[in-house]
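One is the number of the first residue; the rest follow in order along the sequence. Being a predicted model, the structure only gives us computed values, none of them experimental.
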Amino acid sequence: MKIICIGRNYTDHIEELKNEKPSDPVVFIKPDTSVLLKKQPFFIPDFSDNIHHEVEILVKITKVGKHIDRKFAHKYYDQIGLGIDFTARDLQSSLREKGLPWEKSKSFDGSAVIGDWISKDVFSDCNNIAFHLEKNKEVVQKGNTKFMLWKIDELIEYVSKYFTLKIGDVIFTGTPAGVGAVQTDDTLTGFIGEQQLFSIRIK
């Protein structure tokens, strides 16, 4: 299992972090050790003082594929999920300034929350899925897949040019605006529509 993450896929998030709009999807990978175990809290690591939440729509791959054409991409997934890409923002900024890779700030143990899964058949259009994140019962991030720069099927086509997609692989499709720091004793709860898909305690 590998976790393929997409950065800068919502214009409002690009603007809030003052990043440049990319001409192609920004892709990075988290290892399977980054997955936060079910029902476990997220422990703030000692190497960062500024861990940010980034809520994202997830896609689980169900068929092996390489060089997948966009028009066939829908055949390679049948479930939609929600998760968090935890980011050590202070460490990421330092690494970027030095022109170094992001992995230490994005791919550390426990940095990938994967919530429950929903059949994609529930949705009339996977390019119009509303989702949001609550921190301590207050909405802090709201998004909709219709605002993605690259939609799910486009991402599958693009990613599969470079990486063979295997059964069980998960694609994190990018985060909307509203990312922010977490503190000890925060509770993060993620929703697609009104359905809760995860709840994480910060330690």
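- Under 3.5 Å, the side chains of S111 and K30 contain a donor-acceptor pair of N or O atoms.
- Of the possible donor and acceptor atoms, none in the side chain of S34 sits under 3.5 Å from a partner among the backbone N and O of D109.
- Using modelled atom types and a 3.5 Å distance limit, the side chains of S48 and D90 yield a donor-acceptor pair.
- A salt bridge is absent between E157 and K151; no separation between the charged side-chain nitrogens and carboxylate oxygens falls under 4.0 Å.
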Go through T164 and V64 one step at a time and tell me if the side chain to side chain contact (heavy atoms under 4.5 Å, CB included) criterion holds.
CA-CA 7 Å; T164 297; V64 176; 4.0 Å; yes
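- With respect to the salt-bridge test (charged N to carboxylate O, under 4.0 angstrom), the residues D85 and K106 qualify.
- In K75, the NZ atom is not crowded: 12 or fewer heavy atoms of neighbouring residues, nucleotides or ligands sit closer than 6.0 Å.
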Assess the residue pair D49 and I44 against the criterion (side chain to side chain contact (heavy atoms under 4.5 Å, CB included)); give the C-alpha distance rounded to whole Å, side-chain angles, the decisive distance to 0.1 Å, and a yes or no.
CA-CA 8 Å; D49 296 318; I44 296 175; over 6 Å; no
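- With a 4.5 Å cut-off on side-chain heavy atoms, M1 and V35 count as touching.
- Remark: the Q141 side chain and the H53 side chain contain an N/O donor-acceptor pair separated by less than 3.5 Å.
- In this structure, the side chain of K38 engages the main chain of I114 through a donor-acceptor pair within 3.5 Å.
- Between the side chains of Y77 and D169, no donor-acceptor pair is found at a separation under 3.5 Å.
- For N128 (side chain) and D125 (main-chain N/O), no donor-acceptor pair under 3.5 Å exists by modelled atom type.
- Salt bridge annotation for K120-D78: absent, with no cationic side-chain nitrogen under 4.0 angstrom from a carboxylate oxygen.
- Between E134 and K142 there is no salt bridge, since no side-chain N of the basic residue sits under 4.0 Å from a carboxylate O of the acidic one.
- Formation of a donor-acceptor pair under 3.5 Å by the T145 side chain with backbone atoms of C126 is found in this model.
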Is there a side-chain hydrogen bond (donor to acceptor under 3.5 Å, both in side chains) between E56 and T173? Walk through the geometry before answering.
CA-CA 6 Å; E56 310 196 12; T173 61; 5.3 Å; no
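- Checked against a 6.0 Å centroid threshold, the rings of Y76 and F72 do not count as neighbours.
- Checked by atom type and distance alone, the side chain of N9 pairs as donor or acceptor with a backbone atom of W150 at under 3.5 Å.
- Residues F191 and F131 keep their aromatic ring centres 6.0 Å or farther apart.
- Under the 3.5 Å distance criterion, the side-chain polar atoms of K146 are left unmatched by any main-chain donor or acceptor of A130.
- A donor-acceptor pair under 3.5 Å is absent between the side-chain atoms of T87 and the main chain of R89, judged by distance alone.
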